[in-house]
Amino acid sequence: MSDEYVYDEATGEWVAGGAATAVAAKDGAVVVRDSVGNVLADGDQVTLIKDLTVKGAGQTLKRGTLIKSIRLTGDAQEIDCRYEGIKGLVLRAEFVRKR
């Protein structure tokens with residue numbers, strides 16, 4: 001397990017960098033963070049940090065695959081996105097890194 005921590009300026013706390021962290025913002029929205037603690041937003045590009053097997057598609061997305069134009073779902077750990085040949089792809093924020 002990695003012992004990396006990222007300083008969250010909004011809360012003033014050190015947060016584990018390897019885990020997706022949700023922080024309730026002042027307006028009630030959920031802040032979604034990638035595997036290293038970067039804040040994600042709609043339309044961002046992300047890359048995968050490990051190989052992921054896609055259930056139901058019979059495909060494996062390899063580490064380093066670029067995913068364009070993500071959409072946040074309101075859940076702190078899920079990202080909705082599209083990829084060639086896979087409809088309705090939902091990724092966990094802990095497996096991506098902001099580009």
Side-chain angles (χ1 to χ4, degrees):
M1 200 78 180
S2 177
D3 289 351
E4 296 178 22
Y5 289 90
V6 177
Y7 184 73
D8 184 11
E9 295 178 7
T11 63
E13 298 177 357
W14 288 93
V15 194
T21 306
V23 180
K26 293 179 182 177
D27 60 357
V30 174
V31 177
V32 180
R33 296 189 182 270
D34 68 0
S35 62
V36 293
N38 298 321
V39 176
L40 297 174
D42 286 339
D44 282 347
Q45 294 182 355
V46 296
T47 55
L48 298 179
I49 62 168
K50 72 180 266 185
D51 293 351
L52 298 174
T53 303
V54 181
K55 294 180 182 178
Q59 238 181 350
T60 300
L61 297 176
K62 299 292 184 186
R63 186 177 103 195
T65 301
L66 177 65
I67 305 291
K68 299 178 182 179
S69 188
I70 65 168
R71 290 180 305 276
L72 303 180
T73 62
D75 185 345
Q77 298 177 354
E78 293 183 352
I79 300 168
D80 188 27
C81 53
R82 292 191 318 202
Y83 187 73
E84 299 171 5
I86 303 173
K87 293 183 179 181
L89 180 62
V90 177
L91 297 174
R92 295 194 44 95
E94 63 189 296
F95 299 126
V96 299
R97 180 179 56 204
K98 187 175 181 177
R99 184 159 178 163

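Numbers here are sequence positions counted from 1.
Considering only heavy atoms from C-beta on, Val96 comes within 4.5 Å of Leu40 through its side chain.
For Asn38, the side chain to side chain donor-acceptor pair (under 3.5 Å) partners at least two apart in sequence or on another chain are Asp34. In this structure, the salt bridge (charged side-chain N to carboxylate O under 4.0 Å, His left out) partners of Asp80, at least two apart in sequence or on a different chain, are Arg71.
Between Ile70 and the options Val32, Asp44, Asp42, a side-chain contact (heavy atoms from CB on, under 4.5 Å) holds for only Asp44.
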Below 3.5 Å, can you tabulate the donor-acceptor pairs from side chains in residues 82-92 to any protein atom, sequence neighbours excluded?
| unit_1 | atom_1 | unit_2 | atom_2 | d |
| --- | --- | --- | --- | --- |
| Arg92 | NE | Glu94 | OE2 | 2.9 |
| Arg92 | NH1 | Gln77 | OE1 | 3.3 |
| Arg92 | NH2 | Gln77 | OE1 | 2.6 |
| Arg92 | NH2 | Glu94 | OE2 | 3.0 |

Donor-acceptor list for residues 59-69 side chains, cut-off 3.5 Å, not counting sequence neighbours:
| unit_1 | atom_1 | unit_2 | atom_2 | d |
| --- | --- | --- | --- | --- |
| Thr65 | OG1 | Lys62 | N | 3.4 |
| Thr65 | OG1 | Lys62 | O | 2.5 |

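In terms of heavy atoms, Ala93 sits closest to Ala76 at CB-O, 4.2 Å.
Here the straight-line distance linking atom CG of Leu72 with atom CD1 of Ile79 works out to 7.0 Å at 0.5 Å rounding.
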